Amino acid sequence: MSAVERVRAAYAAIAAADRPEIWITLRPLTDALADAEQVDASDKSLPLAGLVAAVKNNIDIAGIATTAACPGYADGPAAADATVVTRLRAAGAVIIGATNLDQFATGLVGTRSPHGAVRDSRRPEYISGGSSSGSAVAVALGLVDIALGTDTAGSGRVPAALQGIVGIKPTLGVVPTDGVVPACRSYDCVTVFARDIDTADTAVGVIAGGARHFPADAPLAAPPLTRVAVPRALPGLSPEWAQAFRATADRLATNDIEIVEIDLDPFLEAARLLYDGGLVAERHDAVGAFVDAHRDDEDLDPTVAGIIAAAGAVPATRLLADRVRLDELTATAMAELGDCHALLIPTTTGHPTIAEVNADPVGVNSRMGTYTNFCNLMDLCAVAVPSGTDAQGTQFGVSVLARAGADALALDLARMVTLHSAGVTLPGAASVPGPGTPWPA
């Protein structure tokens, strides 16, 4: 399919899906077709030629206002593309629009936006996951081939899990973040969504190349006698999801992978520092001046505004003390990980309805981040992949985490999980489409 044909098909699918909450700005079809015609006319071998892409609206797209889901935040259209967007275009991808998100990328639920809650791709009464909500659902519905998100506490992994797609969160600094509205500068990362792992991998390769380089001894694949750690206990998971996770680990073990149980407590304690400790001060540093000056604006989500405003009251001594504590917990966690090459974990704890989130927006969101919040704090890379559905039709996902620079190793192991998970059905559930198969709307 040519780029022009793919763009026309994408816009037709968007109209048919009737999911306006996915988009903050959709480019005019004529503009997207003009870009597609240039791709089709190119005599270069472009790795993403013919693919359609969407971009989370906290990442600059030239000519589109970067609002981070707060209309008053932008003072006009972005003058230039963020580096990651420039690289997507240069590789042949056609950018068709900017997607909805939890405001200022603060949330894992996908409901904290004046543009409306982004609904699950299959069950509209359920949340999409966030904060990269629109990007994930656009991919899950087959409206685009790839989408960019961001991830500070799980925003590029939680929605991937709930939507049954692939989400890759690279090592911090490998993908540039210029032209991205910060959430927590020390831990922000641009991520990629796709329906299959190879497309996601190609897209990450295109946008990578930041100030941080991979070490010379970075592993390029899972080595012989690979050891993968799994949690000894699984807090927050239902018995059915705990069983699903154990089944995933067992399937990985059939690939000559040694599974090693470890204590996840130091990881989980570090995760709580992101919001319950001083590290949240970085959210106020990022956009706090704007939030403080506009607390009465109807465009501000009250939950997001409350979190960011409160972060401005964190004493500097608390921030410094918690950074020291994070270093201690990271050392303990890495010692617990020992000679294991990677860590396999559930991506999140459950799939709540929009009504459940509305009833307890902070509590539900906090539980969603149980297994994601520590990742960036400890400078780990991660690949989130689907691993079946449960008896209620809820998609279950796992993530493979590895140390900084071991992105290829994590991807290799995640690929093994997806190969073994194709068509997996948990007890009493319906069959699951294999990787690369769009979910029905």
Side-chain angles (χ1 to χ4, degrees), residues 104-108 131 150-157 169-175 177 180 182-189 210-215 229 231-233 235-236 262-289 291-292 306-343 345 362 365-382 399 401-407 410:
F104 295 120
T106 302
L108 295 173
S131 63
T150 60
D151 189 307
T152 304
S155 294
R157 291 165 281 151
K169 190 216 78 67
T171 293
L172 291 173
V174 170
V175 175
T177 56
V180 178
C184 293
R185 294 179 194 274
S186 299
Y187 311 113
D188 293 341
C189 186
R212 182 176 184 176
H213 301 286
F214 286 115
R232 186 170 293 114
I262 67 168
D263 179 8
L264 207 63
D265 285 350
F267 295 88
L268 301 181
E269 183 178 342
R272 291 189 288 270
L273 289 176
L274 188 58
Y275 282 106
D276 297 344
L279 303 183
V280 73
E282 287 209 34
R283 290 204 178 259
H284 191 273
D285 175 66
V287 294
V291 169
D292 291 345
I307 291 168
I308 293 173
V314 173
T317 51
R318 178 72 183 278
L319 172 60
L320 295 173
D322 281 354
R323 283 180 171 166
V324 171
R325 181 57 181 155
L326 175 60
D327 288 343
E328 295 170 348
L329 288 168
T330 299
T332 302
M334 293 305 103
E336 184 69 21
L337 193 59
D339 63 356
C340 290
H341 299 90
L343 171 65
I345 54 173
V362 174
N365 190 91
S366 179
R367 290 190 291 275
M368 299 285 290
T370 300
Y371 294 99
T372 57
N373 284 1
F374 63 81
C375 181
N376 295 25
L377 301 184
M378 292 184 171
D379 198 12
L380 303 173
C381 57
S399 291
L401 277 59
R403 295 174 177 87
D407 299 56

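All figures in this text were calculated on a predicted structure; none of them were measured in a lab. Only heavy atoms go into these numbers, but all of them, side chains included; no hydrogens, no water, no symmetry mates.
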Using the rule given for side-chain contact (heavy atoms from CB on, under 4.5 Å), can you reason through Met334 versus Arg403, listing the C-alpha separation, both sets of side-chain angles and the distance that settles it, and then say yes or no? CA-CA 9 Å; Met334 293 305 103; Arg403 295 174 177 87; 4.2 Å; yes
I'd like to know whether Leu108 forms a side-chain contact (heavy atoms from CB on, under 4.5 Å) with Ser155, so could you lay out the CA-CA distance, the side-chain angles of the two residues, the decisive distance to 0.1 Å, and finally the verdict. CA-CA 6 Å; Leu108 295 173; Ser155 294; 4.0 Å; yes
Output, in order, the C-alpha distance, side-chain angles, deciding distance and verdict of side-chain contact (heavy atoms from CB on, under 4.5 Å) for Leu377 and Thr330. CA-CA 8 Å; Leu377 301 184; Thr330 299; over 6 Å; no
Which is it for Leu343 and Phe267 under the side-chain contact (heavy atoms from CB on, under 4.5 Å) test, yes or no, and what are the steps along the way? CA-CA 11 Å; Leu343 171 65; Phe267 295 88; 4.1 Å; yes
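Note: Leu329 CG to Leu273 CG = 6.0 Å, rounded to the nearest 0.5 Å. Note that CG of Asp285 is 5.5 Å distant from CZ of Arg185, once rounded to the nearest 0.5 Å. Taking NE2 from His213 and OG1 from Thr171, the interatomic distance works out to 13.5 Å, rounded to the nearest 0.5 Å. In this structure, CG on Leu401 lies 7.0 Å from SG on Cys381, to the nearest 0.5 angstrom. Between Leu326 atom CG and Glu269 atom CD the span is 10.5 Å, to the nearest 0.5 Å. We find the CG-CG distance between Leu268 and Asn373 to be 10.0 Å, quoted to the nearest 0.5 Å.
The closest side-chain heavy-atom distance from Phe214 to Pro170 is not below 4.5 Å. In this structure, the side chains of Arg272 and Ser366 stay at 4.5 Å or more apart for every pair of heavy atoms.
A search for side chain to side chain donor-acceptor pair (under 3.5 Å) contacts involving Tyr275 returns Arg283, not counting sequence neighbours.
Between the side chain of Lys169 and the main chain of Thr152, no donor-acceptor pair closer than 3.5 Å is present. Using modelled atom types, no side-chain atom of Tyr187 and backbone atom of Asp151 make a donor-acceptor pair closer than 3.5 Å. In this structure, the side chain of Arg212 engages the main chain of Leu172 through a donor-acceptor pair within 3.5 Å. Counting only distance, with no hydrogens or angles, the side chain of Glu282 and the backbone of Ser186 share a donor-acceptor pair below 3.5 Å. A distance-only check finds a donor-acceptor pair linking the side chain of Thr106 to the backbone of Phe104 [under 3.5 Å]. At least one donor-acceptor pair closer than 3.5 Å links the side chain of Glu336 to the backbone N or O of Asp263.
A salt bridge links Arg318 to Asp322: one of the charged nitrogens lies within less than 4.0 Å of a carboxylate oxygen.
Minimum interatomic distance between Leu274 and Ala153 (heavy atoms only, all atoms of both residues): CD2-CB, 3.3 Å. For the residue pair Ala286 and Ala183, the shortest heavy atom distance occurs at CB-O, 3.4 Å. Minimum interatomic distance between Met378 and Pro266 (heavy atoms only, all atoms of both residues): CE-O, 3.8 Å. In this structure, Cys375 and Arg157 approach most closely via the heavy-atom pair CB-NH1, 3.2 Å. The two residues Phe374 and Tyr371 make their nearest non-hydrogen contact at CE2-O, 3.6 Å. Closest of all the heavy-atom pairs between Pro231 and Ile345 is CG-CG2, 4.0 Å.
Under the 3.5 Å distance criterion, with hydrogens and angles disregarded, no donor-acceptor pair is assigned to the side chains of Thr177 and Asp188.
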